[in-house]
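Shown next, in C-alpha cells, is the structure this report addresses.
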Amino acid sequence: MSKQTLFTIFALVALVFGSMVYAAPQGQADSQRPDFVPGEIIVRFKGDEAPFQVIQVAQGQEAQAVRAFQQRFDVIYAEQNYIVQALGSNDTQYANQWALHNTAQTIFNGFGTSLGSGIADADVDWEEAWAGYSTASFSNAVVAIVDSGIDDTHEDLSGKLWNNSNEIPGNGIDDDGNAFVDDAWGWDFVQDDNIPRDVYGHGTHVSGIAAAETNNIRGIAGVAFPASVKIMSLRVLNDDGFGSTSDVAAGIRYAADNGAKSINLSLGGVGSSTLKNAVNYAWSKGAVLAAAAGNDGGGRKYYPASYPVVMSVAATDFNDHTASFSNFNDAVDISAPGVNVFSTFPTYDFTIGTNYGRSKNYDVGSGTSMSTPHV
C-alpha cells in the first residue's frame with residue numbers, strides 16, 4: 001500500500017487532526033543537549049547479517065573513528081550514535097478527552113489527493129468514526145510504542161499489553177528464537193532486559209492515547225476503540241527522555257520482526273543511515289509508521305518523522321489550528337490534537353512528574369508526541 005493511499009484512507013475516516021511534536025524536557029536548551037553517545041559509533045559492515053554494530057571507541061575520538069571506518073573497504077557506512085529525544089465511552093474521564101469529540105479538520109501538504117492542499121473540513125469526530133467503522137480486520141492488531149516503556153500495572157493498560165505467545169516467560173530460554181530471552185511483552189533496549197517498564201512517564205501517556213482500555217467504566221478511552229488492539233512496549237528512551245539512534249533502530253526492527261503493523265515514534269533527532277534503514281525495513285515488512293514532527297515551533301526537520309515512509313505528524317489545538325509549538329515543514333504529512341491531551345501516566349513515581357508537575361495515573365500532556373498516537 002502506498003503512502004498516498006494511506007493518507008486518503010485517513011481522510012475518509014476523519015482520523016486527521018492537527019500537527020504535533022514532543023518537546024524536550026523543560027528547562028533544557030538546545031545548546032545543552034548532547035548530540036551523540038560518548039564513546040560509541042555505529043558501523044555497518046559488508047557481508048554482515050547484522051544491520052549494524054555499535055563500536056566502542058575512546059571518548060573524544062568519535063569523529064576520527066568514524067572517518068577511519070569510512071575509509072575501510074569492508075564498511076558500508078560509519079556514523080556517530082546520535083541522541084534522540086521524546087517529542088509530548090463510559091470511561092469516567094472521557095469528558096476530559098477533547099481530542100476525541102472535537103470537530104476534525106484535515107491538513108494536507110499536497111499529496112495529489114482529491115482534497116488538494118490546505119485545510120479541509122472533515123466535520124467528523126471520533127464517536128462518529130467509531131460508529132461507522134468496521135474493525136473486524138484489525139482484531140488483535142499490534143501497535144508498537146517505541147518510547148520510554150509502559151506502566152504494565154495501569155488499570156487502563158494492563159489488559160492491552162501484547163503477549164508474545166511463542167515465548168514462555170521466566171524460563172530463561174529464548175523459546176521463539178528471536179534473540180531475546182523471555183520477551184513476554186516487549187523489550188527494554190536501554191537496560192537490555194525483558195522488563196520494558198516506564199520510569200519517565202512519556203511512553204505510558206502515549207500508549208493511553210493510542211489504545212487505553214475503553215468501556216471499562218474507568219479512566220479514558222483509547223483512539224483504537226473499538227478494535228481490540230494490543231500494545232507492544234519497546235523501551236528506547238531513558239529516565240530523562242533521551243535515547244540513542246542504535247536503540248531506536250533496534251526497537252523499530254524488533255517491532256517489525258515480531259508482528260507489529262503500526263509503529264508509534266513520538267521521538268526525534270537528527271537523520272542517520274541506521275535510522276533510515278530501520279524505518280525502511282519496517283515499511284518493507286508491512287508496518288505503518290508515524291512519528292512526531294517536533295516542538296520547536298518552526299520549520300526544523302526531525303527524524304524519523306521526515307523520512308518518506310514515515311508519516312510526520314504535527315500538532316493542533318482546541319480550535320483545529322496548528323499548535324504554537326508545533327513544527328511544520330514540507331515533510332509534515334498529517335496533523336492531530338496535541339495540546340493538553342488527557343491520558344494515562346504511571347501509577348508510581350516517574351521522572352517527568354518531577355519536571356512537569358504531572359499527576360500519577362491520569363493527566364494532560366502537550367506536544368507532537370501526543371498527536372502521533374492519534375494517527
Side-chain angles (χ1 to χ4, degrees), residues 3-23 86-88 97-129 143 205-206 209-210 222-224 262-268 288-343 364-375:
K3 190 175 180 182
Q4 179 175 323
T5 302
L6 285 170
F7 296 140
T8 304
I9 291 173
F10 285 127
L12 291 175
V13 297
L15 300 185
V16 188
F17 292 94
S19 58
M20 170 170 191
V21 167
Y22 181 77
L87 291 178
Q97 295 181 267
W98 70 266
L100 298 189
H101 34 111
N102 201 49
T103 300
Q105 285 189 331
T106 305
I107 298 179
F108 290 92
N109 236 0
F111 300 106
T113 69
S114 59
L115 293 177
S117 61
I119 297 179
D121 288 323
D123 198 26
V124 179
D125 63 21
W126 280 105
E127 292 175 344
E128 293 175 358
V143 177
H205 197 259
V206 167
I209 296 168
V223 167
S262 178
I263 301 177
N264 190 93
L265 298 156
S266 292
L267 45 77
V288 175
L289 303 96
N295 297 338
D296 299 321
R300 177 184 175 184
K301 289 185 178 180
Y302 277 84
Y303 296 86
S306 296
Y307 290 125
V309 299
V310 180
M311 284 182 286
S312 177
V313 186
T316 52
D317 61 20
F318 305 96
N319 297 313
D320 294 321
H321 296 154
T322 301
S324 60
F325 57 77
S326 180
N327 287 23
F328 207 91
N329 49 58
D330 59 7
V332 170
D333 299 313
I334 202 167
S335 300
V339 176
N340 289 338
V341 177
F342 193 79
S343 183
V364 297
S366 297
T368 49
S369 283
M370 283 71 254
S371 302
T372 306
H374 282 98
V375 174

Do side-chain atoms of [X] reach the backbone of [Y] as a donor and acceptor pair under 3.5 angstrom?
X	Y	answer
Asn329	Ala331	yes
Asn340	Val364	no
Ser266	Thr372	no
Asn327	Gly299	no

Testing the basics here: between [X] and [Y], what is the closest heavy-atom pair and its distance to 0.1 Å?
X	Y	answer
Pro304	Leu265	CG-CD1, 3.8 Å
Met311	Val288	CE-CG1, 3.2 Å
Pro373	Val206	CB-O, 3.6 Å
Ala292	Tyr302	O-CB, 4.4 Å

### Query
Is any side-chain heavy atom of Lys301 less than 4.5 Å from a side-chain heavy atom of Asp330?
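Lys301 vs Asp330: side chains touch.
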### Task
Please tell me if the side chains of Tyr303 and Val310 come closer than 4.5 Å, counting only heavy atoms from C-beta onward.
no
### Query
When rounded to the nearest 0.5 angstrom, what is the spacing between NE2 in His321 and OG in Ser326?
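Reported to 0.5 Å precision, the distance equals 14.0 Å.
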